Chemist: 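What follows is a single structure, and I will ask about it in a moment.
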Amino acid sequence: MKAITIKQPWATLIALGEKRFETRSWQTKYRIPIAIHAGKTMDMEYCEYLPIKRALQKHGIDNADLPLFELSLLLQN
């Protein structure tokens, strides 16, 4: 199985189904299953962006609750 590391809040938003697409600058034919790994850094600028804060709050999550450096989700068929 393959994994992809994604900064917060994006990793959690993917796990919650609030972010449906992730694009990269390289091509791959690999799709799922894939593990989503929350990186050890957080994109703080976007954590304060109101639509993102609302999406997290809808699921009872605050920026301080975002996990860092751990597996967030395993995507499968």
Side-chain angles (χ1 to χ4, degrees):
M1 174 180 302
K2 298 192 182 237
I4 188 168
T5 299
I6 301 175
K7 286 183 180 182
Q8 289 290 21
W10 311 116
T12 295
L13 291 170
I14 290 170
L16 296 172
E18 297 288 341
K19 182 177 190 296
R20 296 183 52 214
F21 303 100
E22 175 67 15
T23 59
R24 298 290 165 136
S25 60
W26 62 87
Q27 289 185 339
T28 181
K29 293 182 181 180
Y30 189 85
R31 293 297 177 252
I32 53 178
I34 191 164
I36 303 297
H37 174 260
K40 60 182 178 179
T41 60
M42 191 175 304
D43 199 337
M44 291 304 294
E45 177 184 348
Y46 285 100
C47 285
E48 297 303 321
Y49 186 54
L50 192 55
I52 291 173
K53 284 181 91 163
R54 285 185 179 151
L56 292 170
Q57 289 171 346
K58 181 169 76 172
H59 297 275
I61 299 172
D62 186 69
N63 291 342
D65 299 328
L66 292 172
L68 295 176
F69 208 58
E70 68 181 54
L71 184 66
S72 292
L73 175 73
L74 173 61
L75 298 175
Q76 300 183 31
N77 279 347

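Heavy atoms only: backbone and side chains are in, while hydrogens, waters and symmetry mates are out. What you are looking at is a predicted structure, and each value in this text was computed from that prediction instead of being measured.
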Chemist: Roughly how far, to the nearest 0.5 Å, is the CD1 atom of I14 from the CD1 atom of I4?
Modeler: 7.5 Å

Chemist: Check whether any side-chain heavy atom of D43 sits under 4.5 Å from a side-chain heavy atom of Q8, and report yes or no.
Modeler: no

Chemist: Got a sec, which residues hit salt bridge (Lys or Arg N to Asp or Glu O under 4.0 Å) with K40, two or more places apart in sequence or on another chain?
Modeler: none

Chemist: With Y46, which residues qualify under ring pair (Phe, Tyr, Trp, His ring centres under 6.0 Å), at least two apart?
Modeler: W10

Chemist: For residues 53-67, run the donor-acceptor check on the side chains, cut-off 3.5 Å, and write out each pair with its distance to 0.1 Å, sequence neighbours left out.
Modeler:
{"from": "K53", "atom 1": "NZ", "to": "E48", "atom 2": "OE1", "distance (Å)": "3.4"}
{"from": "K58", "atom 1": "NZ", "to": "E18", "atom 2": "OE2", "distance (Å)": "2.9"}
{"from": "H59", "atom 1": "NE2", "to": "E18", "atom 2": "OE2", "distance (Å)": "2.8"}
{"from": "D62", "atom 1": "OD2", "to": "A64", "atom 2": "N", "distance (Å)": "3.2"}
{"from": "N63", "atom 1": "ND2", "to": "C47", "atom 2": "O", "distance (Å)": "3.0"}
{"from": "N63", "atom 1": "ND2", "to": "E48", "atom 2": "OE2", "distance (Å)": "3.3"}
{"from": "D65", "atom 1": "OD2", "to": "D62", "atom 2": "N", "distance (Å)": "3.2"}

Chemist: Is there a donor-acceptor pair closer than 3.5 Å between any side-chain N or O of K7 and the backbone N or O of P9?
Modeler: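 Not at all, since once roles are kept as given, no pair shorter than 3.5 Å links the two residues.
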
Chemist: Can you name the side-chain hydrogen bond (donor to acceptor under 3.5 Å, both in side chains) partners of T5, sequence neighbours left out?
Modeler: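 Scan of T5 (side-chain hydrogen bond (donor to acceptor under 3.5 Å, both in side chains), adjacent residues dropped) gives H37.
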
